Amino acid sequence: MNLSLYELLVGLIVIIMFTASTGLIASIFTHKRQYLRIIIFLAGIAASVVVAAFSWGSISNNQPAVTSQHASNNYFDNLPATTPQQASNHYSSKPPVAGDKIYLRLFKQERRLEMWFQHQNQPYQLYKSWEICTYSGGLGPKKAEGDGKSPEGFYATQKNLLNPHTNYHLSFNIGYPNSYDRAKGYTGSYIMIHGKCVSIGCYAMTDENIEQIYSFVTQALNNGQKQIPIHIFPFEMNQANMQKYQTSIYYPFWLELKPAYDLFEQHRRLPKIEIRNQQYSIS
C-alpha cells in the first residue's frame, strides 16, 4: 500500500496524541511531575507536526487549482478567430465620415439591412448590419398599390424623400416605383424605411435603429452624395439559395437581380444598372 507524506504525518499525529493522552491520565493518578514534563514536551512536538501537516495539505490542495487555471488560459488562447459570418456582422473599424458615400443593402429572408460606405474611391466596406424588425408580403416583388408587398429591386433615396416628421418616428422613401416598375405597369406609393416596427409594404426598423441609419443617410446627402442606392434582395443570392428557390414563380425575376449581387460580392463596387426591354441590365 502506498502512503503519501501527508497521510504519514496524520498517522504520526494520532500516535503522539494517543500517547500524550495516556500519559496525562497516568500523571493524574501518580502525581509524578517528571512524567508531566514529558507529556508537555510530547505535546509540543505534536503541535509542530500538526502545523507542518496542515501546511503541506494546503500546498497539495492548491496545486490542482493552479493547473486548472493554466488549462483555462490555454483554452481561451486557442479559441478560433471569428467566423466569416460573424465577421460580416461586425462594425467597421471606423464609421462613415462626412464625404463618404453610403450604400444600403437589404435581404428579406435574412431580415437584415446593411450599411456599406466608400471612402475616397476605395472599395466599399461594411459599417454595420441591423435587423429588419418587420416587412410584409413575403418574398417576391411588389406589383400593385395595396397588395401589401414589400418591394425587391434597385432603388434610391435622396434629400426630398427624407421625412423626419413622420408618424413612424423617422422615415425615408426608397423611390418605389422605379423606372423598371413603371415599365412593368407596377403601382404603389410611399414605400419607406422607417421606425415603429410596423409595416404594410414598408421596411420597418426599431426606433433606435432607424435613428442610427437616418443620421448617416442625412450626413451623406448633406455632404455631396446626390442619391443613396438601396438594393433589396429576396435572400443572399448564393448558389444554395438559388437552387432552393429555382421552382418559384419569381425565379426569372431573381435571375435579373443576381448579377448585381455577384458583382458587389466579388469586387465591392456598385454595378451600373440599366433597364432594357423591361428587364434589368447589370454591368
Side-chain angles (χ1 to χ4, degrees), residues 88-89 91-92 95-96 100-118 124 126-182 186-223 225-237 257 260-261 264 270 273:
S88 72
N89 294 325
Y91 289 84
S92 167
D100 288 349
K101 295 180 180 180
I102 67 171
Y103 158 58
L104 302 181
R105 185 168 72 161
L106 285 72
F107 296 100
K108 274 185 176 180
Q109 181 173 264
E110 290 80 10
R111 300 175 70 95
R112 187 170 77 245
L113 184 154
E114 300 174 346
M115 179 177 290
W116 297 77
F117 71 97
Q118 183 184 45
Y124 277 84
L126 177 67
Y127 167 56
K128 189 179 179 182
S129 296
W130 293 268
E131 181 182 4
I132 297 172
C133 192
T134 188
Y135 66 90
S136 55
L139 300 184
K142 180 177 182 64
K143 295 184 176 181
E145 182 86 51
D147 65 1
K149 295 277 286 190
S150 297
E152 297 169 9
F154 306 117
Y155 301 93
T157 195
Q158 55 196 36
K159 270 191 179 183
N160 64 333
L161 298 180
L162 303 182
N163 186 0
H165 306 297
T166 177
N167 292 330
Y168 299 97
H169 194 59
L170 293 168
S171 70
F172 51 90
N173 195 308
I174 70 168
Y176 177 92
N178 61 15
S179 57
Y180 175 94
D181 301 320
R182 290 192 293 271
Y186 299 163
T187 59
S189 57
Y190 303 109
I191 304 300
M192 310 280 182
I193 295 175
H194 59 64
K196 294 300 182 187
C197 197
V198 292
S199 170
I200 309 176
C202 297
Y203 288 94
M205 316 297 293
T206 65
D207 288 354
E208 178 183 2
N209 288 347
I210 193 62
E211 286 174 6
Q212 297 176 49
I213 297 163
Y214 192 92
S215 67
F216 284 109
V217 167
T218 303
Q219 173 182 276
L221 293 175
N222 286 339
N223 286 276
Q225 189 169 355
K226 300 301 182 181
Q227 290 189 327
I228 294 175
I230 303 172
H231 294 180
I232 305 172
F233 298 97
F235 40 74
E236 293 181 0
M237 306 194 83
L257 306 184
Y261 171 87
F264 187 80
L270 292 178
I273 301 171

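Bear in mind the structure is a predicted one, so any value in this text is a computation, not a measurement.
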Q | Test log, rule side chain to side chain contact (heavy atoms under 4.5 Å, CB included), inputs I102 and W116 | A | CA-CA 6 Å; I102 67 171; W116 297 77; over 6 Å; no

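- A disulfide bond (SG atoms under 2.5 Å apart) check over residues 130-172, counting only residues at least two apart or in different chains, returns the pairs C133-C197.
- Remark: M192 CE to C202 SG distance equals 6.5 Å, nearest 0.5 Å.
- Aromatic ring orientation, F172 versus Y214: tilted (interplanar angle from 30° to 60°).
- For residues 167-177, the set of pairs meeting the side-chain hydrogen bond (donor to acceptor under 3.5 Å, both in side chains) definition, not counting sequence neighbours, comprises H169-E211.
- Taking the ring centroids of H231 and Y103, they lie under the 6.0 Å cut-off.
- Taking the six-membered ring for Trp and the full ring otherwise, F216 and Y127 have centroids separated by under 6.0 Å.
- Applying the salt bridge (charged side-chain N to carboxylate O under 4.0 Å, His left out) definition to pairs two or more places apart or across chains, those involving residues 152-162 are K108-E152.
- For E110, the side-chain contact (heavy atoms from CB on, under 4.5 Å) partners at least two apart in sequence or on another chain are F107, R112, F235, E236, N241.
- Closest non-hydrogen pair, K149 versus G140, comes out as CE-O, 3.5 Å.
- Contact detail for P229 and L270: the closest heavy-atom pair is CG-CD1, 3.7 Å.
- Residue pairs that meet the salt bridge (charged side-chain N to carboxylate O under 4.0 Å, His left out) test with at least one member in residues 189-201, sequence neighbours left out, are K196-D207.
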Q | Verdict with supporting geometry, Y155 and D181, side chain to side chain donor-acceptor pair (under 3.5 Å) | A | CA-CA 10 Å; Y155 301 93; D181 301 320; 2.9 Å; yes

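- Residues passing the side-chain contact (heavy atoms from CB on, under 4.5 Å) test with R182, sequence neighbours excluded: P177, S179.
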